[in-house]
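Please read all numbers here as calculations on a predicted model, not as lab measurements.
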Amino acid sequence: MEKLPKVALPFIIGAILLVIVLAKSAVTIDSGEAGVLFKTFGEGVVIDEPPMGEGFHIVAPWNKVYVYEVRQQELFEKMKVLSSNGLEIQIDASAWYEPVYKDLGNLHQSLGQGYLQRVIQPAIRSAARSVVGRYTPEQLYSSKRDAIQDEIYEETKKILEKQYVQLNEVLVRDVTLPNTIKDAIERKLKQEQESLEYEFRLVTAAKEAEKVIIEAEGKAESNRILSASLTDKILQDKGIDATMKLAESPNSKVIVIGSGDSGLPIILGNQ
């Protein structure tokens, strides 16, 4: 019984060593992550095989696994850039990005886990400086925000094409101008709006006046045509027709022929 611990000691030590080796060899990759295998006594970073996926993995204790997040991530940047006329503008922008999954080994070999600071931040800053430098503060403040957002995205994407990084979107959240410039732009925009409203009122008034003139001219022309068509002969004929119709009426009356103006009859009723 006293010798049993001495006999079991090597087994205990072996079990402990086995646990240590297994602990160093076991790798668990969480959801949304992937692993890049580095073979210490082999070719180094494994780039000709797919990355290690989620779950539990056993690797040789002398090898290493570098874990990367492969979900979409967000970079938020506050950048001070210059407009086309040299004024300092602050741009608040977000970039949505993720590593290219199949090229994770190449990404690790060329840039490493600090690829965000090495390529993405410099790329979006360079693109923002280039794009904003094409516009005036007034354009940036009023009408060109969507345009600069699209252009920053396109230029950043072009820079990152060969860097094993996928750029999904660039969002310009805010454009901040110096207060003096912002106030001047707002005053100018207000004046332009008031001018447009005044011009609209003038155009509306002119159209109303034109409408009145056209209606008056039409009425005058109608009266002229009617007046020209009413000759004395026509009036006499109309009067005779009216007399004949009245004579046929059962109401009592006295008709004096030829006693009215232009020889038209005078009708005397009983009332």
Side-chain angles (χ1 to χ4, degrees), residues 29-38 43-54 64-178 181-182 185:
I29 298 178
D30 292 334
S31 177
E33 296 179 341
V36 175
L37 179 63
F38 179 86
E43 67 273 20
V45 177
V46 177
I47 60 175
D48 55 354
E49 296 179 10
M52 299 173 64
E54 301 171 3
K64 296 179 182 178
V65 176
Y66 295 89
V67 178
Y68 282 78
E69 184 172 0
V70 292
R71 288 174 292 204
Q72 177 175 278
Q73 302 163 68
E74 181 180 24
L75 166 67
F76 180 75
E77 282 286 297
K78 280 182 175 289
M79 300 170 282
K80 292 187 181 295
V81 292
L82 298 180
S83 65
S84 61
N85 55 359
L87 289 174
E88 187 176 77
I89 311 294
Q90 178 173 298
I91 300 290
D92 294 352
S94 290
W96 294 348
Y97 69 94
E98 59 189 83
V100 178
Y101 187 87
K102 65 182 181 62
D103 291 325
L104 204 56
N106 290 311
L107 174 65
H108 181 73
Q109 190 175 56
S110 61
L111 298 171
Q113 292 176 312
Y115 68 93
L116 172 63
Q117 295 77 21
R118 287 195 174 103
V119 294
I120 297 180
Q121 284 182 327
I124 193 171
R125 290 170 182 173
S126 173
R129 284 194 296 269
S130 174
V131 170
V132 174
R134 303 170 193 159
Y135 296 99
T136 65
E138 184 175 349
Q139 290 173 319
L140 297 172
Y141 182 77
S142 57
S143 60
K144 295 297 183 179
R145 184 170 301 189
D146 290 341
I148 67 170
Q149 177 173 286
D150 294 340
E151 290 178 28
I152 291 173
Y153 168 75
E154 291 298 335
E155 293 205 10
T156 307
K157 185 179 180 181
K158 190 181 300 182
I159 296 171
L160 297 177
E161 274 180 356
K162 298 181 180 179
Q163 300 298 330
Y164 312 111
V165 177
Q166 176 179 313
L167 182 68
N168 295 333
E169 192 66 79
V170 170
L171 303 175
V172 174
R173 300 184 180 277
D174 192 26
V175 176
T176 304
L177 306 179
I181 302 299
K182 180 181 177 182
I185 290 173

K.L.:
Can you list every pair that meets salt bridge (Lys or Arg N to Asp or Glu O under 4.0 Å) and has a residue in residues 153-171, with sequence neighbours left out?
P.N.:
Arg134-Glu155

K.L.:
Could you work out, with side-chain contact (heavy atoms from CB on, under 4.5 Å) as the rule, every residue matching Glu49, not counting sequence neighbours?
P.N.:
Val46

K.L.:
State which residues pass side-chain contact (heavy atoms from CB on, under 4.5 Å) with Lys80; sequence neighbours excluded, sorted by chain then number.
P.N.:
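If we apply the side-chain contact (heavy atoms from CB on, under 4.5 Å) test to Lys80, skipping adjacent residues, the hits are Glu88, Gln90.
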
K.L.:
Please, which pairs that meet salt bridge (Lys or Arg N to Asp or Glu O under 4.0 Å) have at least one residue in residues 93-116, sequence neighbours excluded?
P.N.:
none

K.L.:
Which residue pairs satisfy the ring pair (Phe, Tyr, Trp, His ring centres under 6.0 Å) criterion with at least one member in residues 105-126, sequence neighbours excluded?
P.N.:
Tyr66-His108, Tyr68-His108

K.L.:
Let me see the working for Val165 and Val100 under side-chain contact (heavy atoms from CB on, under 4.5 Å), right down to the final yes or no.
P.N.:
CA-CA 5 Å; Val165 177; Val100 178; 5.7 Å; no

K.L.:
For Asp174, give me all partners under side chain to side chain donor-acceptor pair (under 3.5 Å), at least two apart in sequence or on another chain.
P.N.:
Thr176

K.L.:
Return the set of residues passing side-chain contact (heavy atoms from CB on, under 4.5 Å) with Thr136 (not counting sequence neighbours), or none when no residue passes.
P.N.:
Ser84, Glu138, Gln139

K.L.:
Which residue pairs pass the ring pair (Phe, Tyr, Trp, His ring centres under 6.0 Å) test when at least one of the two sits in residues 82-106, sequence neighbours left out?
P.N.:
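Listed by first then second residue: nothing to list.
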
K.L.:
Look up atom CG in Leu111 and atom CG in Leu116, then write down how far apart they are to the nearest 0.5 Å.
P.N.:
11.0 Å

K.L.:
Just to verify, what does Tyr153 make a side chain to side chain donor-acceptor pair (under 3.5 Å) with, not counting sequence neighbours?
P.N.:
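For Tyr153, no residue satisfies side chain to side chain donor-acceptor pair (under 3.5 Å) once neighbours in sequence are set aside.
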
K.L.:
Would you please name every residue forming a side chain to side chain donor-acceptor pair (under 3.5 Å) with Glu74, sequence neighbours left out?
P.N.:
Ser94, Arg173

K.L.:
Give, for atom CG of Leu107 and atom CD of Gln113, the distance between the pair rounded to the nearest 0.5 Å.
P.N.:
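Between atom CG of Leu107 and atom CD of Gln113 there are 9.5 Å.
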
K.L.:
Sequence neighbours left out, what passes side chain to side chain donor-acceptor pair (under 3.5 Å) with Arg118? Give chain and number order.
P.N.:
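Residues passing side chain to side chain donor-acceptor pair (under 3.5 Å) with Arg118: none at all.
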
K.L.:
Among side-chain atoms of Tyr135 and Glu151, is any donor-acceptor pair under 3.5 angstrom?
P.N.:
yes

K.L.:
Once salt bridge (Lys or Arg N to Asp or Glu O under 4.0 Å) is applied, do any residues pair with Asp92, and if so which ones, sequence neighbours excluded?
P.N.:
Lys78

K.L.:
Indicate the atoms forming the closest heavy-atom contact of Asp30 with Glu54, along with that distance.
P.N.:
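Distance-wise, the nearest heavy atoms are O-CG, 3.4 Å.
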
